[in-house]
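Below, chain A is the first sequence line, B the second, and so on; all start at residue 1.
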Protein chains: 2
Amino acid sequence: MEFFYVQGYEATSVAEILKQAGVNSGSLYYFFESKENLLLAVLERYKEMLWSAVIDPAFQRTQDPIERIFAVLEGYRQGLMFTHFTAGCPIGNLALELREEHQEAREKIAENFVGWREAIRKCLDEAADRLPASADREQLAMFILTVMEGGVMQSRAHGSIAPFDACVGQLRNYFNLLLAQRHSTGPPLSAGPPAQD
Amino acid sequence: MEFFYVQGYEATSVAEILKQAGVNSGSLYYFFESKENLLLAVLERYKEMLWSAVIDPAFQRTQDPIERIFAVLEGYRQGLMFTHFTAGCPIGNLALELREEHQEAREKIAENFVGWREAIRKCLDEAADRLPASADREQLAMFILTVMEGGVMQSRAHGSIAPFDACVGQLRNYFNLLLAQRHSTGPPLSAGPPAQD
DNA sequence: GTCTATATATTGATAGAC
DNA sequence: GTCTATCAATATATAGAC
């Protein structure tokens with residue numbers, strides 16, 4: 001789990017895993033058919049750990065549903081800071097590394113994302129009466145995951161927390177506008193692009 | 001370039017590259033010191049190709065600076081559709097695959113991101129008078145890159161264009177709110193989180 | 001500049017004793 | 001269930017003829 005997170009799947013050799021675990025190859029292959037099979041188990045474990053490791057710690061820090069979303073993002077910020085911008089999101093890393101040839105792994109990655117989004121959507125649903133009636137909370141949850149993953153990518157690429165903070169800041173601004181829009185007396189805004197010149 | 005894009009760096013062997021190029025290893029190593037050196041050349045090439053391959057085609061389709069931003073995003077949408085959600089952004093892929101051990105590559109990746117953001121920022125600067133005075137256009141450009149990369153990741157992970165469209169739709173909504181805010185007569189919105197209960 | 005041939009190390013995985 | 005020993009394939013890279 002650690003190696004796949006820090007080095008990636010392809011860049012991690014079975015030999016490294018064995019050495020770190022202090023076991024021999026016979027033991028590993030007694031439990032796992034292959035390296036890819038081990039990856040599937042790791043991804044399954046991430047699914048199981050989502051609430052205990054990611055969601056619950058954030059939700060405990062705050063009660064307000066909207067602030068809980070930003071508390072989850074703050075968790076990823078802590079991870080970036082702690083690892084000096086080397087870590088990020090293990091699922092996002094694998095999502096971009098693994099392609100068609102690892103079909104099962106990609107399915108489990110998608111399931112991880114779905115779980116994350118569902119947690120965020122619970123928050124949005126709780127705050128539904130503060131959001132504009134037109135807000136698509138499913139899409140909004142997708143957007144939040146996207147901003148997190150993209151922000152983490154930029155912070156890792158630049159070795160700085162600034163990109164992540166910039167992205168979360170813009171997301172915060174978006175939410176402030178959405179929450180204000182709810183109480184606005186003006187007409188709803190058009191959702192499409194303006195007419196071309 | 002193609003292999004690193006489609007398969008990733010670690011998953012691509014030098015032997016594959018040689019076969020596809022129709023040359024032998026002596027030729028490759030005559031020009032490039034190592035596989036990593038070839039990667040650096042590829043990343044340099046991406047920097048050179050940014051405007052001709054990504055920005056200019058989008059800018060030609062439309063004149064309005066804001067719409068030009070969404071035209072760039074539309075280009076990535078086309079890429080996703082054309083490759084059946086397998087491709088995405090070659091820089092983003094490498095950004096998450098390569099870690100500390102490829103320091104030079106990571107610098108070139110960051111340079112690629114900077115170039116992309118500068119193109120977007122040019123658009124935002126052109127549209128400065130339509131945006132709120134308080135809008136940080138540098139951060140906004142970072143946000144747009146982040147949404148693109150995150151949206152591409154989600155669409156690849158789910159094998160569907162829906163996530164990308166959802167993210168771009170939310171970004172569009174954000175812009176509509178920003179553009180409307182510019183003309184609003186109300187007080188500026190607070191940028192920070194609301195007080196905790 | 002490109003070729004062939006090859007070096008050396010490491011890859012994921014297996015067999016079979018214990 | 002864990003061990004040792006080892007497989008066959010592949011990895012990146014090099015040497016030296018042409």
Atom-pair distance (CG on N24(B); P on dT12(D)), nearest Å: 16 Å
Ionic contact status for E100(A) with R156(B), cut-off 4.0 Å: no
Sugar-phosphate, base or nothing in reach of S25(B), heavy atoms under 4.0 Å: base
Close side-chain approach of V147(B) and F143(A), heavy atoms under 4.5 Å: yes
Candidate nucleotides dC3(C), dC3(D), dT12(D), ranked by approach to the side chain of V23(B) - the nearest: dC3(C)
Y30(A) OH - dA15(C) P separation (whole Å): 16 Å
dT10(D) phosphate, OP1 or OP2, under 4.0 Å from S13(B) side-chain N/O: no
d(CD, E10(B); C1', dT12(D)) in whole Å: 12 Å
Separation of atom CG in L18(A) from atom P in dT10(C), rounded to whole Å: 15 Å
Between H158(A) and F85(A), ring centroids under 6.0 Å: no
Base dA11(D) to side chain T12(B), donor-acceptor N/O within 3.5 Å cut-off: no
Whole-Å gap separating C1' (dT10(C)) and CD1 (I17(A)): 14 Å
Euclidean distance, atom OH of residue Y29(A) to atom P of dA5(D) [Å, nearest integer]: 19 Å
5′-ward residue of the pair F31(A)/K35(B) relative to DNA chain D: F31(A)
Between C1' of dT12(D) and CZ of F4(B), the distance in whole Å: 12 Å
Test of ring centre spacing under 6.0 Å for F70(B) and F175(B): yes
Between dT4(C) (C1') and L28(B) (CG): distance, integer Å: 16 Å
